[in-house]
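The chains referred to below are lettered A, B, ... by the order of the sequence lines, with proteins before strands, and numbering in each begins at 1. Remember, predicted model here, so these are calculated numbers, not experimental data.
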Amino acid sequence: MKPAPFDYYAPTSVEEALDKLTELGYSGKVLAGGQSLIPAMNFRMARPTALVDLNKVKELSYIKPTADGGLAIGTMTRDSVVEDDILVNERFPILVNTIKHIAHKQIRNRGTFGGAIAHADPAAQLPAAILLLDANLKVLSKSGERWVKATDFFIGPFMTVLEPEEMLAEVVLPPMAPRTGASYQQVSRQKGGYAQAAVISTVTLDGSDRVKEARVALFSVGESALLASKPNQVLAGQVPTAEAIEEVAAYVAKNECDPGTDIHGTEEYRRNLVHVLVRRALIDAVQQAKK
Amino acid sequence: MAEKYVGKSIKRNEDRRLLTGNSTFIDDINLPGMLHVAIKRSDFAHAKINKIDVEKAKALPGVVAVYTADDLGDYWRPGPLQVPPPSVIKGAIFNARPLECIAKNKIRFSGEPVAVVVAEDRYIAEDALDLIDLDVEILPYVGDLEKTVAPDAPLIHEDLESNLAADVVQEVGSWEKAVAEADVVVKKRLLVNRVAGAALENRGIVVNWDANLNLLTVWATTQGPIPMRNSIAKYLGLLENQVRLINPAIGGGFGPKIMSSQIDDVVIPWIAMKLKRPIKWVEDRRENFLGTTSERDQLHYAEIALKKDGTILGVKDVFYHNTGAYNPYGMTVPLNTQAHTVSNYRVPNFLTEIKMVFTNQMVVTPVRGAGRPQGVFVMERLLDAAAEELGMDKAEIRRINLLQPEDFPLRSGIIGQDFVEGVLDSGNYPYALEQTLEKIEYEKFKKEIQPKARAEGKYKGIGIAMFTEGTAVGPYEGCKVMVGVTGKVSVVTAYSNQGQGHYTTFAQIAADNLGVKVTDVDVVTGDSGQWSWGVGAFASRGITLVGTAIHNASLKVREKALNLASKLLETPVDELEMEDSVVRVADIPEKFISLGDLAMRSNPTRGTVEPGMEPGLEAASYYGPPHGATGFGSLGMIVEVDPETGKINIERIVITDDCGQPVNPMVVDGQIHGGLQMGIGEAFYENLVYDDYGQLVTASFMDYLFPQATDMPDKFEIIHSQTKSPLNPLGIKGVGEAGAIAPPACMMQAFEDALGLKDMFITESSINPSKLYHYVQKAKGA
Ligand SMILES: Cc1cc2nc3c(=O)[nH]c(=O)nc-3n(C[C@H](O)[C@H](O)[C@H](O)COP(=O)(O)OP(=O)(O)OC[C@H]3O[C@@H](n4cnc5c(N)ncnc54)[C@H](O)[C@@H]3O)c2cc1C
């Protein structure tokens with residue numbers, strides 16, 4: 001379990017890093033927290049010929065409030081820093097709850113917020129979280145910057161719209177609407193393990209406790225993180241009754257996810273999990289919204 | 001009288017060294033000029049080798065040599081059987097096919113070594129593996145335990161008529177008679193899965209050949225240092241004392257590290273002598289999954305015959321045992337299954353048949369439990385099924401069938417892994433059952449807690465299972481005990497230590513007999529240069545065999561010391577006492593001589609000695625029991641199941657374990673904790689899975705789930721019942737495997753109890769939430 005030979009660069013500024021990435025093209029790869037890339041290299045499943053290590057690029061690590069009440073998070077901010085940040089706890093408690101389910105603290109101390117997104121693991125929490133929260137992503141290259149919506153960022157398992165000479169630089173989260181409740185539900189084989197199915201949802205209620213918006217993100221049950229559309233179609237403008245929620249949950253499990261059978265569970269079982277978890281998440285989110 | 005150590009939970013002598021990082025493990029050993037080995041392992045499960053092209057690998061800068069079976073010339077030969085089959089069972093068939101250290105003409109399992117690369121560092125060695133071209137003709141893969149012995153199955157060893165590796169029938173009484181007299185016969189097809197003996201540290205070996213001294217020094221993680229030393233000596237044509245085998249600190253064994261005559265101990269020493277350079281091979285985790293033996297994997301067709309009142313009349317169990325591609329470890333595992341199936345109960349008629357089969361999978365050798373969990377799983381599941389059938393309580397059906405204290409010693413009529421008829425030396429099984437039931441509040445749970453939880457929508461269940469643990473089997477172990485000139489005591493044994501606490505428990509026994517502080521006893525394990533006789537760490541035999549040898553040797557040393565002191569102090573021996581590292585006259589405390597001075601005086605350097613005098617306060621001793629000592633116990637668990645998701649929570653675990661006299665109850669607790677966690681792992685997390693082509697799909701901890709601390713309840717509630725073994729002076733029995741035996745049986749019962757579905761019966765020893773969900777769906781008729 002030793003990696004194949006590779007070159008290693010450790011730039012100290014974004015500019016220097018982007019120069020290196022442009023020069024290397026397809027043979028280069030960004031190294032962030034290394035919690036996914038290094039194991040893949042040790043298994044020789046990934047064989048980049050050169051690494052551009054961003055760990056010395058201090059300007060990529062920050063959490064800043066935005067004027068509208070949202071947040072901007074630099075790509076190299078460690079998961080555990082986001083998790084423990086006071087502002088994040090105030091403005092996006094659901095994000096904190098989500099991050100706590102990523103592996104174990106030791107891994108979150110190294111793993112980065114942007115790295116988990118750029119990695120686009122279909123079983124990872126953060127891609128689903130930024131879909132749910134409708135984030136905007138800042139992408140940099142030597143030729144300039146572009147902004148990509150979270151919903152346009154992921155194109156398949158471990159695949160994003162990033163070009164080899166580009167890097168993800170920042171994730172911007174728009175503010176949560178008032179009277180929004182959120183819930184995180186997952187079933188994994190073990191604490192800290194990848195989910196067999198997981199659901200994160202937000203429900204925003206209006207003054208008469210009808211649903212303004214219901215958002216349901218799923219992960220670990222398809223080729224990438226997913227946003228289900230049925231919940232909002234059915235629930236928007238309605239009182240979220242147990243029956244309506246049950247109908248939505250059953251529909252999402254049947255039609256809006258694509259889990260496979262693996263050594264830990266059958267497709268049938270995992271669809272059942274989606275059914276149960278979407279139901280539990282929506283009921284919980286509604287309750288939170290009413291608080 | 002000074003305080004005695006045996007029976008006390010004193011802190012471990014070894015922990016300071018371990019916790020401060022001052023132990024040397026195999027990968028810490030680095031010698032000047034050392035080369036590194038990586039092993040090319042087959043990706044194919046079954047194939048004929050046409051050609052192995054290593055030229056590109058050899059040409060890579062930094063590569064020193066590459067070897068295949070052909071390069072070994074006459075040195076290549078299939079290894080000896082590490083454990084022969086017993087010759088005493090009538091009609092038994094055993095087709096011996098020992099391991100090939102490196103595949104020659106044919107590959108028989110995925111992961112089998114085909115070439116060895118030696119390079120300046122491990123990175124280069126692994127780069128070179130990528131450059132080796134394996135040209136093979138792929139043969140059909142056989143992995144199914146029954147299909148492999150079907151008439152049309154492809155042969156794994158072409159010189160055999162079939163893939164049947166062994167067939168052994170043992171019968172006590174008459175199963176036919178039991179059936180004729182029975183009111184009910186319950187039949188089940190039961191499956192036990194395959195698990196890894198995954199230790200924290202993987203295997204490794206470092207070899208250094210000193211041609212000037214004619215000394216081959218081998219550091220190895222083996223659980224059997226002396227047999228491995230002997231095997232290496234024989235292979236290389238050296239005398240035993242020209243091979244010094246040293247166990248460095250070892251991070252867990254759990255069984256697979258007992259194996260020798262593999263590529264590591266056969267080929268790597270040969271290369272070291274050939275290249276005249278020190279060599280290191282340390283297995284990584286992936287390689288451990290692919291290249292290290294594992295266990296369980298049996299399919300049982302089991303039946304139990306009973307009277308209406310629940311009295312057992314007989315048990316029949318015909319089972320397939322997967323030995324993998326070879327059977328170098330003889331019959332140990334399935335014989336253990338036979339010996340542990342009915343061993344808690346009065347079963348007048350018992351028929352058991354082993355059908356050991358070859359498959360294109362990793363070789364099976366003992367993993368903690370070693371056949372015992374299978375037998376216990378079968379029996380306990382049969383009792384649960386019978387209780388359902390008869391409308392009886394699960395505890396009650398056990399209670400009325402248990403062996404009673406007056407039944408011991410009991411000849412079992414079953415030949416065990418030590419090749420002799422099993423004798424259950426002692427026991428009090430009813431006590432063990434009732435202790436657990438009482439502590440876990442079995443009655444209260446059934447009457448109050450469970451119904452109340454159910455009313456709140458919670459599905460809680462309880463399980464109760466019995467087990468025995470045949471421990472401390474022969475042939476023998478030995479040791480040397482010496483009082484040094486400082487008054488400190490040295491205990492040296494070739495037994496190997498993987499973390500069992502020997503540096504403390506062995507020391508406790510010697511300290512008591514020699515009147516010294518336990519911290520003044522230095523224990524050396526597994527160094528053939530210091531002590532060169534012994535067998536190895538398996539079958540929970542260390543404390544009983546080595547412990548008894550230490551007890552006897554230290555008594556001999558005590559006698560020597562007292563005799564010498566008696567002369568020097570001019571006082572009869574019976575007026576002397578040995579305490580606080582001195583021998584003193586009992587009535588005149590100021591008249592004493594220290595042990596250190598006695599040691600000095602015991603080795604006169606001038607003058608003459610009496611005829612027959614033996615120098616030194618030193619003695620050796622060996623101990624070999626006539627048969628094993630049987631530990632036993634009962635396990636109770638309370639679980640909660642979420643029937644919608646199959647998620648579980650283990651709320652309570654209560655175990656009563658009897659290992660005779662515990663030398664250090666805290667160390668015993670540690671063994672039980674680890675064992676329980678492993679057993680729970682087997683039941684709910686760990687599973688070695690092969691795909692349809694014989695590829696191991698669980699070759700990393702991403703896929704092979706290991707039970708974590710967070711999967712365990714807050715505490716394990718342990719009761720030590722203490723039925724002393726009559727076989728040895730301290731009354732001790734082993735405990736290393738106890739915890740790992742009953743969890744699968746107990747957990748399945750608890751799951752069923754929690755869900756309370758009439759027709760739900762779990763037929764496999766390993767399940768997961770998905771399987772649990774499907775069992776529920778099936779029972780509900782969905
Ligand atoms: C034992 C263990 C358990 C884990 N469990 C979970 C879990 O339950 N859930 C979960 O979500 N994750 C889990 N992870 C993965 C962990 O969260 C990773 O940290 C994360 O997926 C990747 O982040 P990283 O910073 O380590 O990225 P790296 O491993 O450094 O990089 C991952 C990939 O992203 C690319 N990349 C990184 N940053 C950028 C960037 N700024 N621009 C462009 N490309 C970039 C890299 O080139 C690489 O291809 C686990 C990891 C381990 C070791």
What verdict does the side chain to side chain contact (heavy atoms under 4.5 Å, CB included) test give for A:Q185 and B:T645, after you've listed the backbone C-alpha separation in whole Å, the side-chain angles of each residue and the deciding distance to 0.1 Å? CA-CA 12 Å; A:Q185 302 286 335; B:T645 61; over 6 Å; no
Pair B:Q777-A:N272, side chain to side chain contact (heavy atoms under 4.5 Å, CB included): steps then yes or no: CA-CA 11 Å; B:Q777 295 304 103; A:N272 164 69; over 6 Å; no
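- Around CG of B:N30, the count of heavy atoms belonging to other residues, nucleotides or ligands within 6.0 Å exceeds 12.
- Separating the CZ atom in A:R44 from the CZ atom in B:R286 is a distance of 11.0 Å, to the nearest 0.5 Å.
- Between B:N687 and A:I263 there is no side-chain heavy-atom pair separated by less than 4.5 Å.
- Contacts between A:P39 and chain B at a heavy-atom distance below 4.5 Å are absent for every atom of the residue.
- For the pair A:R270 and B:Y773, the NZ or CZ position fails the cation-pi test of under 6.0 Å to the six-membered ring centre and within 45 degrees of the ring normal.
- Heavy-atom distances place the side chain of A:F43, and not its backbone, under 4.5 Å from chain B.
- Judged by distance alone, with hydrogens and angles left aside, the side-chain atoms of A:Q190 form a donor-acceptor pair with the main-chain N or O of B:F706 at under 3.5 Å.
- Contacts with chain A (heavy atom to heavy atom, under 4.5 Å) involve these residues of residues 121-128 of chain B, listed by number: B:R122, B:Y123, B:E126, B:D127.
- Checked against salt bridge (charged side-chain N to carboxylate O under 4.0 Å, His left out), B:E651 has the following partners two or more places apart in sequence or in another chain: B:K460.
- Contacts of B:D703 with chain A are made by both backbone and side-chain atoms, with heavy-atom separations under 4.5 Å.
- Using modelled atom types, no side-chain atom of A:R189 and backbone atom of B:P769 make a donor-acceptor pair closer than 3.5 Å.
- Residues forming a salt bridge (charged side-chain N to carboxylate O under 4.0 Å, His left out) with B:E682 (at least two apart in sequence, or on another chain): B:R296.
- For B:R652, the CZ atom is densely surrounded, since the number of other residues' heavy atoms within 6.0 Å is greater than 12.
- For residues 770-782 of chain B, every residue pair satisfying the salt bridge (charged side-chain N to carboxylate O under 4.0 Å, His left out) rule, not counting sequence neighbours, is listed here: B:E764-B:K771.
- More than 12 heavy atoms of other shown residues, nucleotides or ligands fall within 6.0 angstrom of atom NZ in A:K105.
- For chain B, the option among A:H275, A:E268, A:Q196 with the highest count of heavy-atom pairs below 4.5 Å is A:E268.
- Contacts of B:D642 with chain A are made by side-chain atoms alone, with heavy-atom separations under 4.5 Å and no backbone atom involved.
- Counting heavy atoms of neighbouring residues, nucleotides and ligands inside a 6.0 Å radius, atom OH of A:Y8 exceeds 12 of them.
- Only the side chain of B:T710 comes within contact range of chain A, with heavy atoms under 4.5 Å apart.
- Taking NZ from A:K2 and CG from B:L129, the interatomic distance works out to 12.5 Å, rounded to the nearest 0.5 Å.
- Nearest heavy atom pair, residue A:K191 against residue B:D711, reads N-OD1, 4.5 Å.
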